[in-house]
Structures are given as C-alpha cells and as structure tokens.
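No hydrogens, no waters, no symmetry mates; every other heavy atom, side chains included, goes into these values. In what follows, chains carry the letters A, B, and so on, assigned in the order in which the sequence lines appear, proteins first and then strands, with residues in each chain numbered from 1. On a predicted model such as this, the values are computed, not experimentally measured, just so you know.
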Amino acid sequence: MNYQYIEQLIERYWDCQTTLEEEQILRSFFKQDDVPMHLMQYVPFFAHEAAEKNEKLGEDFDKRILAMTAEESKTVKAKQIKLLTRISPFFKAVAVVAVILTISNIAERALQNNSASGTTVGVTDTYTRKEDITAKIKIIDSSQSEAMAKTDSLKQAPAINKEDMMLE
Amino acid sequence: MEEISFKNDVLPLKDKLFRLALRITSNREEAEDIVQDTLIKLWNQRNEWSAIRNMETYSMTVCRNLALDAISKSERQNISLDETAHDQPDTSRMQDEVLMRQQQMDRIRAIIQQLPEKQRTIILLRDIEEKSYQEIAEIMGINLSDVKVNLFRARQTLKAKINKS
C-alpha cells in the first residue's frame with residue numbers, strides 16, 4: 001500500500017500547512033490498527049489527542065451549576081407561563097362566544113316578545129284606562145244625576161205640600 | 001438576534017471549557033472550579049449576552065483568563081508530571097501492548113505540558129477542539145500571525161521529540 005499521501009500530509013501537518021479537514025484525515029488514519037511501521041511513532045501522539053477529547057465533567061456538575069443559577073426552576077416557570085399563554089386565547093375565545101350568545105339570546109327574546117304582544121299590551125292598557133276613565137266618568141255622572149234628582153224632588157216636595165194645603 | 005439559553009447554549013460548553021482549563025492548570029479539581037467560575041460569571045453577565053457575537057469563543061476567553069489567573073496565583077505553572085500519572089487507571093493487569101501505548105501517551109502528554117502555555121493552548125484549540133486560526137486568535141486575544149507562529153513552534157518541538165524517541 002502506498003502511504004505517500006499520508007507521509008506528505010504529516011509533513012505538512014508539522015509545518016502548519018494542513019487544513020482542518022486534512023488534519024481530520026490524519027487523525028482517522030492513525031486511529032486504525034494497521035499503521036505501517038515507519039509511521040508508528042506518530043500513533044501515540046494522535047491517540048493522545050483522541051483521549052484528550054474524551055476528558056469530560058461529571059453529570060453532577062450540571063445539577064450543581066443549574067442549582068447555583070436557579071435556571072432549572074426558571075425553566076419550569078417559563079414552561080408554566082407558556083402553557084397558560086397557550087390556553088388563555090382559548091379561554092378568551094370561549095368567553096367572547098359566551099358573551100355573544102347571551103346577548104343574542106336576550107336580544108332574540110326581547111324581539112320575539114315585542115313582535116308578538118308588545119304593542120297590543122300598550123294599546124289595551126290605554127283602552128282599559130280609557131274605559132276605566134269613562135266608566136268612572138259615567139259613575140260620577142250617574143251619582144251627580146241622582147243627586148240632582150234628589151234635589152229636584154226636594155224642591156218639588158214643598159210644592160206638593162202647598163198643593164195639599166191648598167186642597168185642604 | 002436569537003435568544004441565548006443558559007441551559008441549552010452555555011452549559012453544554014462545559015467540557016470544552018474543562019479541557020481548556022485542564023490544559024492550562026493540569027489539575028482536574030482546579031479545572032472544574034475554573035469552569036464553574038466561568039459559567040457563573042457568564043450567568044451574571046446574562047443581560048449583556050445579546051452583545052456577545054460568539055458565546056463559545058467568549059466563554060473560552062473567559063475560561064482561559066480565569067485559568068491563567070489561577071496558575072499565576074498558585075504559581076503552579078510548572079506542573080508535576082506525577083499528578084497526571086496518578087490519574088491513570090491501574091495498569092498492573094494491562095497487557096504489555098496497551099501498557100506500552102499508555103506510557104507513550106503519557107510521554108506525549110509530558111512533552112505538551114513542557115510547552116509554553118500559549119503553545120499548549122493553541123495545540124488544544126486546533127487539534128482537539130478543531131478551531132480555525134481565526135477562532136483561536138479571537139479566543140486568545142492575539143493576532144493571526146501570532147497563532148500561526150506559536151502553533152508552528154509547538155508542532156516543530158513535538159515533531160523533533162517524537163522523532164527522537
């Protein structure tokens with residue numbers, strides 16, 4: 001197998017003439033098992049780089065930092081707000097629909113009542129009132145005429161008496 | 001501008017920051033403390049996040065500065081190689097080949113640790129974090145040619161020492 005390309009790459013690597021992609025090729029090459037003897041001395045260097053890349057912090061680190069920044073609770077709160085804000089337009093819509101329905105219902109009933117009996121009620125009222133008034137007027141009239149009749153009879157009475165006396 | 005979330009955008013940088021701090025201090029506990037300090041510092045600056053062009057670059061700059069402060073305070077710039085060796089797993093039962101590979105890697109680690117901090121950090125940012133020269137320059141607050149010169153020196157040293165072995 002010809003390793004000329006890799007040999008050239010590694011020389012260019014030491015001279016800082018390789019791109020990030022070419023450096024990636026070198027890392028992949030030295031990761032494999034069958035590296036030729038004359039390039040073996042570079043294996044530990046690239047293996048060391050791969051090992052360094054695995055240096056990581058423990059899982060408890062996140063918890064500690066989040067507790068310190070109180071970000072965790074904040075995120076939960078943010079989620080709650082999000083839920084509410086997501087639901088609130090629905091509630092608003094329901095409320096608006098309810099208000100419209102109530103108003104239209106009331107308006108409908110009022111309209112129905114008006115068209116069915118609303119105006120006649122007024123008229124009958126006036127009629128009854130007129131009748132009442134005329135009835136009352138009649139009563140007053142009749143009582144007045146009764147009273148008049150009584151006075152007439154009273155006026156006539158002495159005349160009768162006079163006549164009686166005349167006859168005597 | 002896109003909103004930055006601490007949990008989703010800043011916290012996941014922790015391992016990169018840890019490797020950077022570890023490269024500079026060579027002490028796991030100290031590196032972890034530095035990453036924690038970096039993240040808390042970033043959290044406290046959350047009102048200014050919108051002004052930060054690249055959170056990753058910025059956080060690495062903060063982390064490097066804190067790590068440099070830490071080593072200058074403790075004057076631990078020349079790290080003992082024994083400490084790294086302590087971190088290695090028990091090698092007694094390892095096969096010869098694996099053991100040999102481990103020792104070779106430790107040797108590489110030792111060579112890198114002997115490099116000046118600037119070269120050490122540039123090697124990490126380029127080879128492990130796969131950053132462009134421009135990004136390295138931004139993180140370290142140095143110019144592009146400075147990055148190239150330091151990387152060249154570091155690689156030449158590594159090449160010479162690896163070939164000598």
Side chain to side chain, [X] and [Y], heavy atoms closer than 4.5 Å:
X        : Y        : result
A:Leu20  : B:Tyr133 : no
A:Trp14  : B:Leu158 : yes
A:Gln41  : B:Gln104 : no
B:Lys148 : A:Cys16  : no
A:Glu49  : B:Ile112 : no

Proximal component of [X], with respect to chain A [non-hydrogen, under 4.5 Å]:
X        : answer
B:Leu17  : neither
B:Ile128 : both
B:Leu151 : both
B:Lys16  : neither

Exercise for review: Specify the closest pair of heavy atoms between B:Met105 and A:Pro44, including all atoms of both residues, with the distance to one decimal.
Suggested key: CG-O, 3.6 Å
Should [X] and [Y] be counted in the same cluster of Ile, Leu, Val, Met, Phe, Trp and Tyr side chains packed under 4.5 Å apart?
X        : Y        : value
B:Ile162 : B:Met100 : no
B:Leu11  : B:Trp49  : yes
A:Ile25  : A:Phe30  : yes
B:Leu39  : B:Met55  : yes
B:Phe152 : A:Leu26  : no

Point to revise | B:Glu130 and A:Gln24: CA distance, side-chain angles, deciding distance, side-chain contact (heavy atoms from CB on, under 4.5 Å) verdict | key: CA-CA 9 Å; B:Glu130 297 176 37; A:Gln24 191 61 55; 3.0 Å; yes
Review point. Given the rule in the side-chain contact (heavy atoms from CB on, under 4.5 Å) test, do A:Phe61 and B:Val35 qualify, once you have shown the distances and angles that lead to the verdict?
Key: CA-CA 10 Å; A:Phe61 183 84; B:Val35 178; 3.6 Å; yes
Can you tell me how far [atom2] of [Y] sits from [atom1] of [X], rounded to the nearest 0.5 angstrom?
X       : Y        : atom1 : atom2 : answer
A:Thr69 : B:Leu42  : OG1   : CG    : 11.0 Å
A:Asp15 : B:Lys159 : CG    : NZ    : 6.0 Å
B:Gln36 : A:Ile65  : CD    : CD1   : 4.5 Å
B:Arg28 : A:Leu57  : CZ    : CG    : 8.0 Å

Point to revise | Option among A:Lys53, A:Glu52, A:His48, A:Glu23 that satisfies the side-chain contact (heavy atoms from CB on, under 4.5 Å) test with B:Asp127 | key: A:Glu23
Exercise for review: Could you tell me which portion of A:Glu11 (side chain, backbone, both or neither) has an atom closer than 4.5 angstrom to a non-hydrogen atom of chain B?
Suggested key: side chain
Do the charged groups of [X] and [Y] touch, with an N to O distance under 4.0 Å?
X       : Y       : result
B:Arg23 : A:Glu55 : no
A:Lys56 : B:Glu32 : no
A:Asp62 : B:Lys14 : yes

Review point. Heavy-atom count around A:Glu59 CD within 6.0 Å, excluding the residue itself: above 12?
Key: no
Point to revise | Steps toward side-chain contact (heavy atoms from CB on, under 4.5 Å) verdict (B:Ile111, A:Phe45) | key: CA-CA 10 Å; B:Ile111 294 170; A:Phe45 175 71; over 6 Å; no
**Study point:** Trace of the side-chain contact (heavy atoms from CB on, under 4.5 Å) decision for B:Ile108 with A:Tyr42
**Key:** CA-CA 10 Å; B:Ile108 297 292; A:Tyr42 302 123; over 6 Å; no
Revision key, fill the gap. Greatest number of non-hydrogen atom pairs under 4.5 angstrom with chain A, of B:Gln156, B:Arg101, B:Arg126, falls to B:Arg126
